[in-house]
Number of protein chains: 4
Amino acid sequence: MANELKAAANPRRSPGRPRDASREKVILTETLALLGELGFAGLTVDAVVARAKVSKATIYRRWATKEELAIAAFDLLPLIEPVETGDIESEIIAYIDQYYGFLRTTPLSSVLPALVSEAMHNPTLAERLNEVVQRRRESGIAMIRRAITRGELPATTPPDIAHELIVGPMLQRSFFEPANFRREDFLVMVRVIVAGLKAVGKATSSAA
Amino acid sequence: MANELKAAANPRRSPGRPRDASREKVILTETLALLGELGFAGLTVDAVVARAKVSKATIYRRWATKEELAIAAFDLLPLIEPVETGDIESEIIAYIDQYYGFLRTTPLSSVLPALVSEAMHNPTLAERLNEVVQRRRESGIAMIRRAITRGELPATTPPDIAHELIVGPMLQRSFFEPANFRREDFLVMVRVIVAGLKAVGKATSSAA
Amino acid sequence: MANELKAAANPRRSPGRPRDASREKVILTETLALLGELGFAGLTVDAVVARAKVSKATIYRRWATKEELAIAAFDLLPLIEPVETGDIESEIIAYIDQYYGFLRTTPLSSVLPALVSEAMHNPTLAERLNEVVQRRRESGIAMIRRAITRGELPATTPPDIAHELIVGPMLQRSFFEPANFRREDFLVMVRVIVAGLKAVGKATSSAA
Amino acid sequence: MANELKAAANPRRSPGRPRDASREKVILTETLALLGELGFAGLTVDAVVARAKVSKATIYRRWATKEELAIAAFDLLPLIEPVETGDIESEIIAYIDQYYGFLRTTPLSSVLPALVSEAMHNPTLAERLNEVVQRRRESGIAMIRRAITRGELPATTPPDIAHELIVGPMLQRSFFEPANFRREDFLVMVRVIVAGLKAVGKATSSAA
DNA sequence: TCGTAAGCGAGACGGTACGTCGAGTCTTGCT
DNA sequence: AGCAAGACTCGACGTACCGTCTCGCTTACGA
């Protein structure tokens with residue numbers, strides 16, 4: 001019968017009024033905006049309510065705490081999109097340049113440390129945060145992998161560790177001296193890292 | 001009379017009862033303990049008051065905000081004390097080991113990101129935080145300098161940048177994956193960094 | 001045709017699916033139960049929804065507010081049914097006994113004051129409430145009238161006022177000291193009221 | 001020493017900043033005003049906060065719930081002050097007139113039923129309410145006692161029950177038909193009650 | 001037999017108040 | 001002045017309830 005067909009067609013449709021996807025969007029957009037203006041500590045759910053013309057219940061129905069809301073908003077931020085030039089050093093520089101762009105134009109630098117801090121004492125949040133951060137790392141690691149495939153970096157290079165060598169100093173600079181995010185310093189660091197990776201790879205392979 | 005002598009000896013001595021230095025100690029100790037137990041977000045001044053048997057006024061007479069209090073407490077943490085073995089690679093590893101020790105036994109990982117987050121929108125705090133962090137860096141940079149003096153690292157090595165290459169990944173790991181602070185990963189990273197510094201130094205000096 | 005006959009027979013029949021009368025019953029029953037358990041302030045429409053397995057829309061299609069719903073539920077309560085013994089004093093006592101029974105077994109004492117309170121600032125509700133209360137008074141007033149007809153009470157006795165003399169103290173006791181609803185006190189009061197009505201009636205008629 | 005004298009003079013003085021009595025006054029005054037304007041259901045603590053320029057904490061430090069606050073405010077209302085004319089019937093009429101005055105000029109009629117309703121399911125509140133109501137009854141009962149002392153009412157008259165006969169109908173009228181609080185009706189009722197009390201007293205004493 | 005109009009359960013939605021909690025300030029009496 | 005104690009203002013938190021609305025589905029009637 002028709003009923004059976006319908007049920008079969010969309011068996012998982014839950015009853016009741018479905019959630020309004022547009023609410024999600026408005027909420028996260030305004031959250032992100034407020035995060036940019038005031039930082040995480042200055043973010044209040046009441047302000048989101050006021051600006052998104054949404055009820056508190058609608059927010060808390062979707063995210064359990066202010067922190068989870070912030071992560072969700074944070075997750076809207078664009079990913080870094082590595083370019084492939086064939087020269088890993090310049091690729092990494094471009095990667096850093098993009099990161100720097102985000103740093104200036106998004107609430108990244110305010111949200112991220114706050115969430116990290118909170119995650120230290122909140123496993124649920126830690127997991128959520130980890131998912132998001134992990135996903136953001138992928139494109140960078142892939143960039144390293146391509147350089148290995150190209151033979152530009154040694155085959156024994158561990159991509160995630162190489163990536164960590166790049167991102168670590170960037171993170172340190174953006175957290176502790178965001179005003180001194182000097183490109184020339186990173187040029188030096190990238191040169192050291194790439195040289196180091198090559199040198200260590202050579203040693204390893206010749207040892208083998 | 002004795003009074004006149006006292007006044008003459010310390011002309012800037014303000015009138016009234018002098019501050020009780022022991023209060024400072026109790027407050028900071030308890031603050032640090034609470035920071036360790038609950039993290040920065042979980043820290044409340046009322047809790048400090050309760051545990052230190054101190055009045056709120058006594059706290060706010062010394063530090064203007066909860067954040068400044070946290071920095072002051074944080075500043076009590078011991079510094080890393082590099083050992084000098086003559087081999088920079090093993091020295092760095094020892095440095096990392098000590099850092100890891102602090103990570104497990106102090107509220108470092110919780111306090112630091114919270115303060116960073118707050119500092120992003122609060123210049124006063126940013127400056128205070130910078131002072132403290134800067135001081136903590138010094139011993140590590142000195143360690144690099146000694147390696148240069150010994151001739152172990154090229155003379156052209158910029159000590160602060162070298163230090164940043166080491167600390168960055170450590171920070172990144174301790175913030176985002178504190179549970180995976182794996183020693184073997186750092187062994188690899190340190191080898192790459194040292195090799196890179198040497199390689200780049202050689203290239204630079206031969207080019208000169 | 002049959003259709004025309006039907007339409008003619010019930011010309012005002014509105015189109016669409018007719019209301020399900022069973023819903024009304026379930027809703028009011030559960031409302032009354034909840035009213036008994038939690039009182040008016042503790043009553044929530046959501047709880048009615050949950051227990052009656054009914055949708056909110058179904059409730060609000062029938063009653064405009066929680067208050068109206070409560071009145072409707074309240075109106076289900078049985079009326080007092082006076083007995084006729086030929087002796088007005090014992091009849092009144094029986095009347096009070098019945099009232100006391102309701103007091104213990106129905107949410108009367110909780111619902112009534114709440115509705116009264118609300119009615120003070122809500123004319124619509126006040127009118128609805130008045131209708132219900134008025135209807136409940138009738139049997140008691142009729143009891144007085146029969147006593148007048150029997151000649152037991154003076155012909156000049158105003159039945160509604162006599163009734164009010166009886167009900168007033170009962171109400172006062174059940175509202176402010178429900179735990180002290182002492183039968184012996186009412187025996188005294190009834191004796192006074194009946195004696196008073198007779199004495200005043202005699203004076204009035206002899207004066208006339 | 002002086003210390004001991006002081007301590008002895010005021011041994012129960014609790015340490016810390018004492019509560020500001022003026023806050024209490026402002027809060028209760030505004031609560032009463034709002035109660036009058038909006039009734040109990042319309043009363044919100046937030047509105048009290050706004051009008052009294054007081055913080056919520058200051059309110060909740062003193063009263064545990066909105067209901068207790070309402071009782072406290074309610075308790076500010078003036079008591080009925082019976083006049084002594086030597087004629088109990090006219091005294092009762094004057095008593096009723098005063099009550100009627102309060103009914104029109106105070107939030108009595110809105111607050112009282114709401115509190116009664118709530119008290120039915122809240123023993124703590126019930127007790128608080130009972131204290132207040134009991135105190136308000138006293139002057140009326142004393143009025144009856146004086147009439148007994150004067151010999152105007154029989155010595156066997158139970159004062160509280162006589163009082164209840166008067167107040168009951170008044171309560172019933174003010175709760176259910178506040179718009180029809182007709183003086184002439186009460187004139188009749190009072191005549192009946194007084195006549196009844198005298199008649200029953202005579203019967204009792206002659207029987208004895 | 002089919003379409004139209006309403007009823008129904010489920011549950012999302014805006015709004016509003018609740019009572020709690022924390023930061024930072026102020027006010028006591030005492031030192 | 002400093003100190004312990006604790007009241008005070010301000011403002012956000014997360015919860016709960018009201019009354020409205022929007023889904024997909026069902027039920028009756030009338031064309």
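In what follows, chains are A, B, ... by sequence order, proteins preceding strands, each numbered from 1. As the structure is a prediction and not an experimental result, all values here were calculated from the model.
- Sequence order on DNA chain F of the closest nucleotides to B:S55 and C:A47 puts B:S55 first from the 5' end.
- Look at CG on C:N122: it is 15 Å from C1' on F:dC18, rounded to the nearest Å.
- Toward the 5′ end of DNA chain E lies the nearest nucleotide of A:V49, the other residue of the pair D:P18 and A:V49 mapping further downstream.
- For F:dG6, the base has no donor-acceptor partner in the side chain of B:K56 [N/O atoms by modelled type, under 3.5 angstrom].
- With B:K53 contributing its side chain and B:V26 its backbone, the two residues share no donor-acceptor pair below 3.5 Å.
- Distance from the side chain of A:R19 is smallest for E:dC13 among the nucleotides F:dT9, F:dC8, E:dC13.
- Going from atom OH of C:Y60 over to atom P of E:dC8 covers 16 Å, rounded to whole Å.
- Heavy-atom nearest nucleotides on DNA chain E were determined for B:D46 and for C:A57, and the one closer to the 5' end corresponds to C:A57.
- For the atom pair CH2 of D:W63 and OG1 of D:T65, the computed distance is 11.5 Å after rounding to the nearest 0.5 Å.
- Atom CH2 of D:W63 and atom P of E:dT20 are 15 Å apart (whole Å).
- When the P atom of F:dC13 is taken as reference, atom CD of A:E68 falls 15 Å away, rounded to whole Å.
- Two residues, A:T65 and C:L43, neighbour DNA chain F, and the one matched to the more 5' nucleotide by heavy-atom proximity is A:T65.
- Judged by distance alone, the side chains of B:S22 and B:D20 do bring a donor and an acceptor atom under 3.5 Å apart.
- Residue A:E37 qualifies as enclosed at atom CD: its count of foreign heavy atoms under 6.0 Å is above 12.
- Counting only heavy atoms from C-beta on, C:R23 has its side chain closest to E:dC8 among F:dA4, F:dA5, E:dC8.
- For A:P15, the side-chain atoms get nearest to E:dA10 when compared with the rest of F:dG14, E:dA10, E:dA23.
- For D:K66, counting side-chain heavy atoms from C-beta on, the closest listed nucleotide (E:dG22, E:dG19, F:dA4) is E:dG19.
- If you measure from atom CZ of D:R51 to atom C1' of F:dT9, you get 19 Å, rounded to the nearest angstrom.
- Residue A:R23 qualifies as enclosed at atom CZ: its count of foreign heavy atoms under 6.0 Å is above 12.
- A straight line from CD of B:E24 to P of F:dG2 spans 12 Å, rounded to a whole angstrom.
- Closest to the side chain of B:R61, from the set F:dC3, E:dA23, F:dC8, is F:dC3.
- Between A:I59 atom CD1 and F:dA12 atom P there is a gap of 14 Å when expressed in whole angstrom units.
- The shortest distance between the side-chain N/O atoms of A:T58 and the OP1/OP2 oxygens of E:dG14 is below 4.0 Å.
- OP1 or OP2 of E:dC8 sits under 4.0 Å from a side-chain N or O of C:R62.
- For the atom pair CE (A:M120) and CG (B:L108), the distance works out to 9.0 Å, reported to the nearest 0.5 Å.
- C:E67 has its CD atom 15 Å from the P atom of F:dC17, to the nearest Å.
- For F:dA1, its base never sits under 3.5 Å from the side chain of B:R17 at any donor and acceptor pair.
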